[in-house]
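The residues of the chain are indexed from 1 along the displayed sequence.
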Amino acid sequence: MMKQQTIEEFITSLSSKSPVPGGGGASALGGAIGSSLGSMVGNLTIGKKKYAAVQEDIQLLLEKLSNNTEELLLLMDKDAAAFEPLSKAYSLPKETEEEKLQKEQIMEEALYQASLVPLEIMEKAYEGILLQEELSEKGTRIAISDVAVGVMFLRSALLGAFINVQINTKSMKNRELANQLNQRTEKLRQIGVEKADAIFEQITLQLQ
């Protein structure tokens, strides 16, 4: 599993000509790092008298951030597993009409399945951004900059996953299904980027 690799091992794999890990796995990892930064801020807030009124809220946030991090880490491997059938499909023969039809059908399903995982990464990244929003309001001020950094990691994860959906749906023959996926991801991209940027700007103003 990729999440069990050292940082150096993952970077080496990412740098190689192997198709996995790729942009999807890197996006998921970036999102996990973002949520982990949120957890750090939450843990720095727990037990502080100044934040006694929000201790229960922070504890709940920590649980949700931990789950979000774990889910994003698992999506690194899930993304690689979803890409494997697509990679194999590209190599299928297409000499005869029967082979062409079979390849087209297999490719279509593989492209669809390969789109679903980055869509899930987008959903988890957006979920992480919303958790950081609450943390930006209730977390310790001494580490508020780390919330901003975490939000930007999650924003990058969302956009990275978005473009991975786009490259797959572009090749799909079923344009109705492709457009449905594109509409879902475009909406997530818009609201996610808008929310992340607003959080970042708010924190930036607090530090001026």
Side-chain angles (χ1 to χ4, degrees), residues 1-3 5 10-35 67-130 152-197:
M1 295 179 70
M2 290 183 196
K3 72 171 188 173
Q5 292 181 328
F10 181 79
I11 293 298
T12 298
S13 297
L14 192 62
S15 303
S16 73
K17 63 181 181 180
S18 172
V20 291
S27 296
L29 177 59
I33 292 172
S35 283
N67 289 335
N68 188 255
T69 299
E70 182 62 23
E71 287 165 346
L72 283 162
L73 288 175
L74 290 173
L75 282 167
M76 291 170 63
D77 285 296
K78 193 172 178 181
D79 182 73
F83 182 78
E84 185 177 358
L86 180 58
S87 180
K88 290 180 178 178
Y90 279 115
S91 302
L92 289 173
K94 52 178 181 179
E95 299 300 322
T96 67
E97 289 302 316
E98 184 179 355
E99 287 176 344
K100 288 179 182 178
L101 180 60
Q102 184 179 34
K103 181 174 182 176
E104 183 177 308
Q105 291 173 339
I106 293 173
M107 279 286 297
E108 190 71 8
E109 179 61 22
L111 285 165
Y112 175 67
Q113 293 299 329
S115 299
L116 294 181
V117 180
L119 172 57
E120 194 173 351
I121 293 172
M122 288 188 74
E123 291 170 344
K124 294 303 175 183
Y126 180 62
E127 179 183 303
I129 290 169
L130 294 180
M152 288 297 101
F153 267 97
L154 286 156
R155 182 186 189 275
S156 294
L158 186 141
L159 288 176
F162 168 79
I163 208 68
N164 271 269
V165 175
Q166 296 297 300
I167 197 170
N168 290 320
T169 56
K170 178 176 172 53
S171 298
M172 289 174 63
K173 302 293 184 184
N174 186 338
R175 298 317 301 165
E176 182 178 353
L177 185 57
N179 288 333
Q180 287 175 5
L181 286 168
N182 288 339
Q183 287 172 10
R184 288 176 65 186
T185 53
E186 179 59 29
K187 181 179 180 181
L188 269 174
R189 184 185 71 84
Q190 289 180 356
I191 62 176
V193 168
E194 182 179 345
K195 179 66 69 174
D197 287 348

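- In this structure, the side-chain hydrogen bond (donor to acceptor under 3.5 Å, both in side chains) partners of Ser35, at least two apart in sequence or on a different chain, are Asn68.
- Residues meeting the side-chain contact (heavy atoms from CB on, under 4.5 Å) test with Ala80, sequence neighbours left out: Met2, Val20.
- Pairs of residues two or more places apart, or lying in two chains, that qualify as side chain to side chain donor-acceptor pair (under 3.5 Å) and include a residue from residues 104-120 are Lys78-Glu120, Glu109-Gln113.
- Applying the side chain to side chain donor-acceptor pair (under 3.5 Å) rule to pairs touching residues 152-163 yields Arg155-Asp197, sequence neighbours excluded.
- Evaluation of the side-chain contact (heavy atoms from CB on, under 4.5 Å) rule for Lys103 yields Leu92, Lys94, Met107 as partners, not counting sequence neighbours.
- In terms of the side-chain hydrogen bond (donor to acceptor under 3.5 Å, both in side chains) criterion, residue partners of Asn182 (sequence neighbours excluded) are, by chain and number, Gln166, Thr169.
- For residues 165-176, no residue pair satisfies the salt bridge (Lys or Arg N to Asp or Glu O under 4.0 Å) rule, not counting sequence neighbours.
- Scanning for side-chain hydrogen bond (donor to acceptor under 3.5 Å, both in side chains) contacts around Glu70 gives Lys3, with sequence neighbours left out.
- Under the side-chain hydrogen bond (donor to acceptor under 3.5 Å, both in side chains) criterion, Lys88 pairs with Glu84, not counting sequence neighbours.
- Residues satisfying the side-chain contact (heavy atoms from CB on, under 4.5 Å) test with Ala161, not counting sequence neighbours, are Pro118, Ile121, Met122.
- Residues passing the salt bridge (Lys or Arg N to Asp or Glu O under 4.0 Å) test with Glu194: none are found, sequence neighbours excluded.
- Residues in residues 11-25 take part in no side chain to side chain donor-acceptor pair (under 3.5 Å) pair, two or more places apart or across chains.
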